[in-house]
Number of protein chains: 2
Amino acid sequence: MAQSDTVDRILDAAEELFADRGFSETSLRMITSKARVNLAAVNYHFGSKNALIHAVFGRFLTPFSATLESAFDDLEASCEGTPPTLNQTLWALTESAVRMPQRNERGISIFMRLLGLAYTQSQGHLRKFLEQEYSEPFGRFMRLLKGATPQLSAVDRYWRIQFMLGATAFTMSSSDALQDILRNKLGVETTVQEIAARLVPFLAAGMQAQDAVLIPPTDTNVPVA
Amino acid sequence: MAQSDTVDRILDAAEELFADRGFSETSLRMITSKARVNLAAVNYHFGSKNALIHAVFGRFLTPFSATLESAFDDLEASCEGTPPTLNQTLWALTESAVRMPQRNERGISIFMRLLGLAYTQSQGHLRKFLEQEYSEPFGRFMRLLKGATPQLSAVDRYWRIQFMLGATAFTMSSSDALQDILRNKLGVETTVQEIAARLVPFLAAGMQAQDAVLIPPTDTNVPVA
DNA sequence: GTCTGTTTGAAACATACGTTTGACGCACAT
DNA sequence: ATGTGCGTCAAACGTATGTTTCAAACAGAC
């Protein structure tokens with residue numbers, strides 16, 4: 001055949017190992033031996049380890065950003081002028097992620113982990129690369145958030161978006177470990193879809209919390225409902 | 001003198017480098033050359049790189065957990081039987097963190113970053129070590145959270161605690177970068193204390209969000225106030 | 001001063017890494 | 001049949017890592 005499946009075998013193995021161990025803690029030799037290909041194949045097909053990492057993201061993120069764009073299109077079309085709500089925007093994002101065709105049942109979980117790692121490892125180089133490479137859907141999501149939270153000042157909105165991002169990236173990046181703990185402690189099985197279903201209301205409520213009073217402790221719970 | 005300051009110089013350098021670059025991306029040679037001590041000093045004083053990492057955490061976490069314990073003591077004493085509220089508990093934690101004597105103005109930010117890394121790097125080995133080593137204040141905080149959110153199921157509470165942890169660790173760990181962006185974009189200056197003041201209401205609101213409906217999108221914002 | 005235990009110093013150790021090399025096999029066009 | 005290009009392979013390259021070694025410097029006790 002003109003093109004063997006070596007490339008895909010490498011991508012599959014790399015994706016899984018990166019998610020389990022992080023990028024710099026995963027060597028090319030681990031990847032090639034898991035994929036049962038020759039060590040030199042990575043540099044032959046991808047050029048370098050860094051290019052491999054980018055390729056792993058590209059394989060998922062390029063079709064995902066297309067899916068996301070059309071989900072945003074549908075959402076805005078169905079709203080006819082009025083800006084989509086916060087809940088709708090967040091759900092459009094998570095639905096798009098969950099609906100992506102998966103290579104296996106761990107697919108989503110693996111990829112969320114990779115995104116989380118991209119935000120915390122290698123001094124954020126990967127984060128900058130991804131935000132640049134996919135600035136279109138990224139910027140659009142930010143604009144939707146702005147439209148959905150007109151009551152927030154720009155500064156408040158900025159920080160709260162970081163809080164959301166943090167909760168998401170962190171949770172997803174360690175979702176395997178967290179699921180293990182939950183299984184051992186409470187005997188509960190969890191899917192990534194369920195985590196997302198718990199995360200979205202948390203984020204939406206935090207995003208719409210009453211403005212921060214810059215004076216510390218009160219002696220009653222903040223009324224929420 | 002009986003004991004030189006070599007140990008502290010190593011700890012200072014390691015702390016900063018670990019926070020900037022992660023654990024496995026920081027070599028002993030970087031640490032010793034930044035600390036201007038001999039390479040062998042690390043293995044002589046600490047035994048191994050892993051033991052150094054543990055020592056870095058210990059230097060901050062041991063006094064901090066003492067401060068935290070007494071803050072919790074005060075809080076529970078002032079409540080006389082009735083369980084402290086969520087807001088009070090969260091504030092007791094952040095106050096304790098902010099009030100810690102700092103080696104420099106980046107102190108808090110550096111340490112938050114390290115905690116965040118501990119949860120995401122090295123397959124969670126560090127996380128397990130820390131939760132074991134400081135199970136006392138850790139478990140107590142968890143119990144306080146439980147008392148402050150009796151309406152939540154154990155599973156819901158578990159995940160929301162992870163969300164809080166993620167938002168906090170992520171934000172604090174990249175607070176330097178985030179503050180820079182905000183300064184350049186909106187011309188606003190921010191302190192760690194102000195970030196905390198914005199974070200706590202976000203977390204409290206998310207923690208007390210109405211139970212997750214496991215069915216996706218609605219067409220109205222979730223009512224919050 | 002001399003001895004003793006502790007801390008530093010420069011150098012080497014063994015190992016692992018990402019990358020490169022050059023020979024080899026194989027399909028396919030000529 | 002023959003040559004050409006692509007993919008694979010074992011082996012090596014140079015570099016960087018964590019750790020160890022052993023001699024020298026230093027302190028304080030006698």
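Chain letters run A, B, ... following the sequence lines, proteins first and then strands; every chain starts at 1.
Each of A/Asn38 and A/Ser27 lies near DNA chain C, and the nucleotide nearest A/Ser27 is the one positioned closer to the 5' end. Comparing A/Arg29 and A/Val37, the nucleotide of DNA chain D nearest to each residue sits closer to the 5' end for A/Val37.
Following rounding to the nearest Å, A/Ile31 (CD1) and C/dC17 (P) show an atom-to-atom distance of 11 Å. As a whole-Å value, the separation of B/Lys49 NZ from C/dT15 P is 19 Å. The distance between atom CG of B/Asp5 and atom P of C/dT6, rounded to the nearest whole Å, is 19 Å. Separating the CG atom of B/Asn43 from the P atom of C/dT7 is a distance of 15 Å, rounded to the nearest angstrom. If you take CZ of A/Phe46 and P of D/dG7, they are 12 Å apart, rounded to a whole angstrom. A straight line from CG of B/Leu28 to P of C/dA10 spans 17 Å, rounded to a whole angstrom. When rounded to the nearest whole Å, the span between CD of A/Glu25 and C1' of C/dA16 equals 14 Å. The nearest whole Å value for the distance from the CG atom in B/Leu39 to the P atom in C/dA11 is 13 Å.
Distance from the side chain of B/Tyr44 is smallest to C/dT6 among C/dT21, D/dG7, C/dT6. For A/Thr6, the side-chain atoms get nearest to D/dT8 when compared with the rest of D/dT19, C/dT8, D/dT8.
Using a 4.0 Å cut-off between charged side-chain N and carboxylate O, B/Glu131 and B/Arg127 make a salt bridge.
A/Ser24 comes within 4.0 angstrom of nothing in the nucleic acid, heavy atoms only. Using a 4.0 Å heavy-atom criterion, one finds that A/Thr32 contacts no nucleic acid atom at all.
Judged by distance alone, the side chain of B/Arg160 and the main-chain N or O of B/Ala209 form a donor-acceptor pair under 3.5 Å. Put simply, the side chain of A/Thr191 gets close to the backbone of A/Glu194: a donor and an acceptor are under 3.5 Å apart.
Just one of B/Tyr119, B/Trp159, B/Phe170, B/Phe163 meets the ring pair (Phe, Tyr, Trp, His ring centres under 6.0 Å) condition when paired with A/Phe170; it is B/Tyr119.
The two residues A/Phe46 and A/Ala51 come nearest to each other via the heavy atoms O-CB, 3.1 Å.
Distances shown here put a side-chain N or O of A/His45 below 4.0 Å from the OP1 or OP2 atom of D/dT8.
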